[in-house]
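Worksheet: one structure, shown below.
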Amino acid sequence: MKRNQKLLVLLVALVMALGVVSLVSAQGVSGDLELFSWWTGSGEAAGKDALIVEFKALNPGVNVIDSAIAGGSGVIAKAVLTTRMLGGDPPDAFQVHAGAELNSLWVKAGRVEPLNDLYEANGWMEQYPEGLLSLISDEAGNIYSVPVNIHRSNVVWYVPSKLEEWGVTLPASWDEFVTTTCPALQAKDVVPISLGPTWTQSHLWESVVLGELGVDGYNGLWNGQTNWAGEEALAAWDTYGQVLACANEDMNALGDWQPASQMVIDGTAAFNVMGDWAAGYFIADLSLEPNVDFAWAPSPGTEGVFMMLSDTFALPKGAPHPEAARAWLNFVGSAAAQDIFNPLKGSLPANTTADIGNAELYNAYFQSAYEDWTTNTIVGSQRHGAVAPAAFDSGFLNIISQFQSDRDAISAAANAGALAIQTGIGG
Ligand code: GAL
C-alpha cells in the first residue's frame, strides 16, 4: 500500500472511531451513578461486574459507584436501603424483586418513578412476558422497574457420581427423603441435605411446603385460600422439621448460601436446595460442567412447577442522578445486556428477545430451566419477594429462626398465620 493510501485508511479509521465515540457520548450522560444491590462476592457478583464493564464502555462519561452490600437474598441490603430511602438519601438505582417486594413497599409509598417511557421507547411491552410485567405494574398500568432475569427457587443440586457412590437416588418426595434417603446417607456419614443461615432455611421451607401442599395449597397461603394453621399447613411444618433434622447442625454458623452449596460439590453433603444462582456459582466461579460435575432437579414433589422470582432495578424518586440511572435501566433491559448477565448469573433472560436458544452462551442448565419455565406451572417465591410483602418476610424470618431452635410446628404455624393476617396477606 502506498504511503498516501495508508494515510487515507488511517484517516478513515480515525473518523469512524470518532464517529463511534461521538455516537456514544451523544447519549450525553455523565457524572456519578450509584447502583445498590446485594450482589457481591463469589456466586453473586460476576454477572453484575460484567454488566458494569459493558455499561462503562458504552457510557464513558459515567462514574459507576457500586454500593453492593453482602448478604444473600438481600437480608442486610434491604434494611440499609429502607433506612436510606426513608432518610432522603436514595441511591440512583436499586435491586428489588418483582412482585410484592416492589409493590407493597416502594410503589405503595410512592418512592419509585414509573418507567413506561423506557418501555415504550424500547418496545419492551412486547419483549417482556405479560405475567412478569403485571408483577411490576400498578393497576393504572404504570411500570416501576426493569427485570434483568428469571431465577428459579425450587431446585435441588447434587453430584451424580457421588449419589452413585453412596447408593442413593434422587428422592421423588420429601417423605421418601426423610424415611429412606436421609437414613441411608447418615449411615455413611454423609450430610443428607446442606443448609446455611436463617434465610437459606426459609428458602428450603418454601420448596418443602410447595412439595407438600401442591400448587393450589401453596398459592392459597398467599391468596387467603389455605388456612395457615390448618392440618395440612401444620403437617408441612412437621415435614420441614424432619428435613431440618437431616441437615448439618452447624447451619447457622455458615456464612451464607455458598458454603452450603459448596458442601455438595465437596462431597460432604448429598443435596442442597437453593435458587439457580447456585448454577451461576458452579459455572462462572467454580468452572464446573453441568450434568457432569453437578446436576439438578425440581425439589422433591415439585416436578412440573417452576417457583420463580425476578431481579429488577428501580429508579427511586429523588435519585441524585436520574439521567445516569435511566441510561443504566435502558441498558440492563436490553437483550444484549441480558445475554451478558444471565449466563454468569445462572438465570434466564427476562427479555424474550435475548439469545436463549444459543447453547454456546446458555449451557445445558439454562436449556433445561428454559424448557421448564416455558412449559411448567409458575408460582411465585415468598423468600425472594414475589408473593409476600416485606413486612411478612422480616417477621417470617424470626419464625423460621425460632423453629430452627425449638422445632415447635404448632407455634410456627400459629405465628405464621397471625403474621399473615397482620401483614394483610390473603385479605
Ligand atoms: C436472591 C436474588 C438472587 C441472588 C440470591 C442470593 O434474592 O434474587 O439474584 O442474589 O438472592 O443472594
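When a ligand or atom number is given, it counts from 1 through the structure's own listing order. What you see below is based on every heavy atom in this structure, not just the backbone, and it leaves out hydrogens, waters and symmetry mates.
- Shortest contact from atom 10 (O) of ligand 1 to any protein heavy atom: Glu44 OE1, 2.6 Å.
- The aromatic rings of Trp257 and Tyr281 sit perpendicular, their planes meeting at an angle over 60°, well past the 30° parallel limit.
- Side-chain atoms of Ser194 and Asn248 include no donor-acceptor pair closer than 3.5 Å.
- Atoms of ligand 1 lying under 4.0 Å from any heavy atom of Leu309, numbered from 1 in the order shown and given with element: 8 (O).
- A salt bridge links Glu165 with Lys162: at least one charged nitrogen is closer than 4.0 Å to a carboxylate oxygen.
- Ligand-side atoms of ligand 1 in range of His151: 3 (C), 9 (O), range being under 4.0 angstrom from any heavy atom.
- Ring geometry, Phe366 versus Tyr362: the interplanar angle exceeds 60°, so the pair is classed perpendicular (tilted spans 30 to 60°).
- Every atom of ligand 1 is numbered from 1 in the order shown, and the set under 4.0 Å from a heavy atom of Trp257 is 6 (C), 12 (O).
- Below 3.5 Å of separation, one finds an N or O of His384 facing an N or O of ligand 1.
- Within the 4.0 Å heavy-atom cutoff, His97 counts among the residues contacting ligand 1.
- Taking 4.0 Å as the cut-off between side-chain N and carboxylate O, Asp393 and Arg383 count as a salt-bridged pair.
- Relative orientation of the Trp222 and Trp228 rings is perpendicular, given thresholds of 30° and 60° on the angle between their planes.
- Remark: ligand 1 atoms within the under-4.0 Å shell around heavy atoms of Trp38 are 1 (C), 2 (C), 7 (O), 10 (O), 11 (O), 12 (O).
- A salt bridge links Glu101 with Lys78; the closest basic N to acidic carboxylate O contact falls under 4.0 Å.
- Side-chain atoms of Ser145 and Trp106 form no donor-acceptor pair, as typed in the model, at a separation below 3.5 Å.
- Every atom of ligand 1 with a heavy atom of Lys345 under 4.0 Å away is listed here by number and element: 3 (C), 4 (C), 9 (O), 10 (O).
- Nearest protein neighbour of atom 2 (C) of ligand 1, counting heavy atoms only, is Asp311 OD1, 3.4 Å.
- Between the choices Ser73, Gly43, Gly71, Gly72, the shortest heavy-atom distance to atom 11 (O) of ligand 1 belongs to Ser73.
- Neither the backbone nor the side chain of Asp256 has a heavy atom within less than 4.0 Å of ligand 1.
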